[in-house]
There are 2 protein chains.
Amino acid sequence: MKKITIGDAARQSGVKVPTIRYYESIGLLAAPSRSEGNQRSYEPADVRRLAFIRHARELGFEVDAIRTLLTLQDEPDQPCASADAIAKARLIEVEQRIRSLMALKAELEMMVEGCGHGRVDQCRVIEVLADHGQCTHAHH
Amino acid sequence: MKKITIGDAARQSGVKVPTIRYYESIGLLAAPSRSEGNQRSYEPADVRRLAFIRHARELGFEVDAIRTLLTLQDEPDQPCASADAIAKARLIEVEQRIRSLMALKAELEMMVEGCGHGRVDQCRVIEVLADHGQCTHAHH
DNA sequence: CTACATGCTCTAGCGACTAGAGGTGCAAGA
DNA sequence: TCTTGCACCTCTAGTCGCTAGAGCATGTAG
Ligand SMILES: [Zn+2]
Ligand SMILES: [Zn+2]
Ligand SMILES: [Zn+2]
Ligand SMILES: [Zn+2]
């Protein structure tokens, strides 16, 4: 019976007010009912949905993936294979990203630690940037 | 002999043609001279500059940082402290990103491996997404 | 000379928001 | 009751680093 304003929904879900409106505009969250003064009025289920979205975003899922996951959530008797596939794809993505960043980290360490902090024309940072041949990894 | 077209510059530097024009439009690369038919004509130094930009982008430096690095490169007798600071900042960024992604990886593994691949209402993936309390890390 | 590749400018779109302008609604204190 | 002031509304435009396309002009090989 209590009306949940967009501000309340934001506080309870951790999703910012403009972002909630944005999610509505892209059809990720259904348009809620309105008060007499045309203000959005949410149900507890909407807040749970927002928290779900936020958590999925924090874990790096794209909005399109979240759209699919939300649809699945609404069909509890279906097999969960596609949800698992989405999560697994994200996991593989993250693993690749970590590998790539570790290689990057190595290059950056070489640059930073290799520099004697003198003049620019002796700077290891600038030197390596100007010549990828100085890198230990062939591809970044 | 010379007359490096934008296509040649692209092939030699690894930066795509529209991207070169984009870099010119944001002032990252100086506008080159033009041929009689109004076509861009680059010097070898421009191609080196493009390769520098590309390498820096591959290492994840932002365009604004690259702008600073390029300015520094043009002043070889200056101290390289600010170049080193930019690289170090990027290194710290990368290290933080790796840590964050490792935590993410752990959560995703729990989700993917914890699921018995049955019905959606028993899916570990959906369950964890709906409740951050199920996560091992407090913050993502 | 004729194709066709490459070049030109300009505009719009991507993802996932964020910021601001300019207006309305609403609750609480004086 | 009035007023203050925050919360809410819509709409537009900006962020970053490109990328895609339209509709032309130019350059080159056969
Ligand atoms: Zn240095
Ligand atoms: Zn390199
Ligand atoms: Zn599952
Ligand atoms: Zn979590």
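Quantities reported herein were computed from a predicted structural model and do not represent experimental measurements. Side-chain atoms are counted along with the backbone in the values below, which use heavy atoms only and exclude waters and symmetry mates.
At a threshold of 4.5 Å between side-chain heavy atoms, the hydrophobic network of Ile, Leu, Val, Met, Phe, Trp and Tyr places A:Met110 and A:Leu101 in two separate groups.
Along DNA chain C, the stretch of nucleotides lying under 4.0 Å from any heavy atom of chain A spans, 5' to 3', C:dA16 to C:dA27.
Remark: A:His140 engages A:His132, B:His55 in a ring pair (Phe, Tyr, Trp, His ring centres under 6.0 Å) (not counting sequence neighbours). Partners of B:His137 by ring pair (Phe, Tyr, Trp, His ring centres under 6.0 Å), not counting sequence neighbours: none found. Annotation: salt bridge (Lys or Arg N to Asp or Glu O under 4.0 Å) contacts of A:Arg67 (sequence neighbours excluded): A:Asp64. Taking the side-chain contact (heavy atoms from CB on, under 4.5 Å) definition, one finds that B:Asp46 meets it with B:Tyr42, B:Glu43, sequence neighbours left out. Applying the salt bridge (Lys or Arg N to Asp or Glu O under 4.0 Å) test to A:Arg11 and every residue at least two apart in sequence or in another chain returns A:Asp8. Qualifying side-chain contact (heavy atoms from CB on, under 4.5 Å) partners for A:Thr68, counting only residues two or more places apart in sequence or in other chains: A:Leu72, A:Ile86.
Within the structure, every pair that satisfies the salt bridge (charged side-chain N to carboxylate O under 4.0 Å, His left out) test and touches residues 69-80 of chain B, not counting sequence neighbours, is listed here: B:Arg49-B:Asp74.
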Which parts of nucleotides 1-25 of chain D does protein reach within less than 4.0 Å, heavy atoms only, written one letter per nucleotide 5' to 3' as B for base, S for sugar-phosphate only and - for none?
-------SSB------BBS------

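At least one side-chain heavy atom of A:Gln134 sits under 4.5 Å from a side-chain heavy atom of A:Arg124. With a 4.5 Å cut-off on side-chain heavy atoms, A:Val112 and B:Arg90 do not count as touching. Side-chain contact check for A:Gln39 versus A:Ile6: every heavy-atom pair is 4.5 Å or farther apart.
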Only pairs under 3.5 Å count here: list side-chain donor-acceptor contacts from residues 14-27 of chain A, not counting sequence neighbours, and write none if there are none.
unit_1: A:Glu24; atom_1: OE1; unit_2: A:Arg40; atom_2: NE; d: 2.8
unit_1: A:Ser25; atom_1: OG; unit_2: A:Tyr22; atom_2: O; d: 2.7

Intra- and inter-strand pairs of DNA chain C in dot-bracket (Watson-Crick or G-U wobble, both distances under 3.5 Å; | for another strand):
||||||||||||||||||||||||||||||

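Residues from residues 85-96 of chain B lying near DNA chain C, meaning a heavy-atom separation below 4.0 Å, are absent.
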